[in-house]
*Asks:* 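Below are the structure tokens for one structure; questions will follow.
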Amino acid sequence: ALSDYRPHLIGGFADENVNELLYLDLEQEGAIAVIPLADQLKVEQNLPIAPTVLPSPTEVNYPDIPDGELLGYLHRATEIKEGGDWKAKDNTVKSTEIDQQLEDKYNFPFCDKVSTATNPIDWGELTKSGNAPKACLDTILKRRSTRAYSAANLTLEELKALLDFTYQPQHYIEQGLDGTPDYFDLSLIETFIAVSGVNDLEEGCYYYAPKAQELRQIRFKNFRKELHFLCLGQDLGRDARAVVFHTADLQKAVARLGDRAYRYLHMDAGHLGQRLNLAAIYLGLGVSGIGGFFDDQVNEVLGIPVDEAVVYITTLGRPRRRL
Ligand SMILES: Cc1cc2nc3c(=O)[nH]c(=O)nc-3n(C[C@H](O)[C@H](O)[C@H](O)COP(=O)(O)O)c2cc1C
């Protein structure tokens with residue numbers, strides 16, 4: 001059965017070989033991830049649960065690169081060439097090197113704190129083969145990005161449920177879900193949430209502390225107008241009741257892991273975004289990712305520390321039903 005296969009995200013691979021294998025037009029395209037499916041029932045196929053391989057030397061000196069060319073540069077600079085000078089084994093990031101912070105990164109003295117501890121979402125019955133909740137598989141098939149939000153608020157319980165599913169996978173082991181999903185390095189990703197319509201939660205901007213399971217308020221106002229602008233004038237940003245910002249300390253990531261970290265951080269943020277998507281759709285809420293935003297202004301307006309570069313935004317609200 002398909003559900004016996006465990007996908008394993010691989011970011012460290014020889015780009016040139018993969019691109020060639022797929023007959024990609026190198027001017028136009030390049031592989032960014034490889035996902036082998038391993039049969040969990042065959043021991044020899046079981047992939048070790050280990051952090052990703054760091055394939056190239058850590059590069060921290062960059063030339064000056066104009067804004068629009070940065071992405072292409074980073075992608076090329078982190079390419080692994082056939083026969084190139086890399087040794088996967090020696091460069092494997094050891095889990096001990098990954099920050100196993102005991103505390104959440106940000107704590108603000110005297111800030112208001114709201115606990116997000118809650119009962120995990122109940123995903124119901126497992127499939128016949130018993131590998132995953134049926135409702136979760138159905139939700140994956142059903143998931144769509146919401147295109148417009150209504151004026152109705154979310155409830156605090158709903159927001160807590162979304163956060164619990166996304167950041168506390170260990171709460172879902174008993175429901176047949178993976179308690180330790182593959183990530184590159186979640187200690188480099190932080191979460192901020194601009195709240196403009198959640199019942200029983202003050203409007204403003206919050207840091208989400210996943211270890212403490214609480215929201216820590218850093219700004220006190222309704223940012224709806226600003227969010228509209230920050231999301232390049234997209235109505236989704238204005239009408240969402242909560243907007244989640246995934247950020248990363250790029251300097252720290254690059255210093256530790258080289259510029260290839262840039263690729264992996266986006267995958268991790270995308271993975272978190274996808275968990276928000278699944279939980280929201282299952283709960284009948286609206287959700288959409290946003291990749292179009294003004295990077296620097298987001299920090300300025302919402303009070304997100306300057307070291308944190310926004311890598312991905314997820315908007316949440318109630319879907320506007322068609323009349
Ligand atoms: C990384 C990412 C960035 C996105 N950025 C935007 C965006 O800026 N504006 C928008 O309206 N939708 C955005 N979307 C939603 C996509 O338009 C939507 O996912 C795509 O049309 C596929 O539809 P589906 O999600 O319903 O399968 C984004 C989705 C992803 C995954």
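What you see below is based on every heavy atom in this structure, not just the backbone, and it leaves out hydrogens, waters and symmetry mates. Each ligand, and each atom within it, is numbered from 1 in the order the structure gives.
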*Asks:* Have Ser288 and Arg147 got a donor and an acceptor in their side chains that come within less than 3.5 Å?
*Replies:* yes
*Asks:* Geometry only, no angles: is Leu236 polar-contacting ligand 1 at N/O separations under 3.5 Å?
*Replies:* no
*Asks:* Please indicate, with yes or no, if any protein heavy atom is found under 4.0 Å from atom 6 (C) of ligand 1?
*Replies:* yes
*Asks:* Should Asp138 and Lys134 count as an ion pair when the cut-off is N to O under 4.0 Å?
*Replies:* yes
*Asks:* Tell me yes or no: between the side chains of Thr315 and Tyr149, is some donor less than 3.5 Å from an acceptor?
*Replies:* yes
*Asks:* Taking atom 11 (O) of ligand 1 as the point of reference, which of Gln274, Arg147, His266 owns the nearest heavy atom?
*Replies:* Arg147
*Asks:* Right, does atom 21 (O) of ligand 1 have protein non-hydrogen atoms nearer than 4.0 Å?
*Replies:* no
*Asks:* Provide the full list of salt bridge (charged side-chain N to carboxylate O under 4.0 Å, His left out) pairs with a residue in residues 309-319, sequence neighbours left out, each pair given once.
*Replies:* Glu158-Arg318
*Asks:* Atoms of ligand 1 less than 4.0 Å from Gly291 heavy atoms?
*Replies:* 3 (C), 4 (C), 5 (N), 6 (C), 7 (C), 8 (O)
*Asks:* Going by atom types alone, do Asp112 and Tyr206 pair a side-chain donor with an acceptor below 3.5 Å?
*Replies:* no
*Asks:* Tell me whether the guanidinium CZ or amine NZ of Arg275 lies under 6.0 angstrom from the six-membered ring centre of Phe165 and within 45° of its axis.
*Replies:* yes
*Asks:* Just to confirm my output: which protein heavy-atom neighbour is closest to atom 14 (N) of ligand 1, and how far is it?
*Replies:* Gly289 O, 3.2 Å
*Asks:* Considering only non-hydrogen protein atoms, determine which one is nearest to atom 27 (O) of ligand 1 and report residue, atom name and distance to 0.1 Å.
*Replies:* Arg143 NH2, 2.9 Å
*Asks:* Could you tell me which atoms of ligand 1, counted from 1 in the order shown, lie closer than 4.0 angstrom to a heavy atom of Gly292?
*Replies:* 8 (O)
*Asks:* Nearest to atom 25 (O) of ligand 1, what protein heavy atom do you find, and at what distance?
*Replies:* Ser145 OG, 2.5 Å
*Asks:* Any nitrogen or oxygen of Tyr312, side chain or backbone, less than 3.5 Å from one on ligand 1?
*Replies:* no
*Asks:* Please state whether the rings of His266 and Tyr262 are parallel, tilted or perpendicular, taking 30° and 60° as the class boundaries.
*Replies:* perpendicular
*Asks:* Which ligand 1 atoms does Gln234 reach within 4.0 Å, using its non-hydrogen atoms?
*Replies:* 7 (C), 8 (O), 9 (N), 10 (C), 11 (O)
*Asks:* Taking Tyr207 for its side chain and Lys105 for its backbone only, find out whether a donor-acceptor pair lies under 3.5 Å.
*Replies:* yes
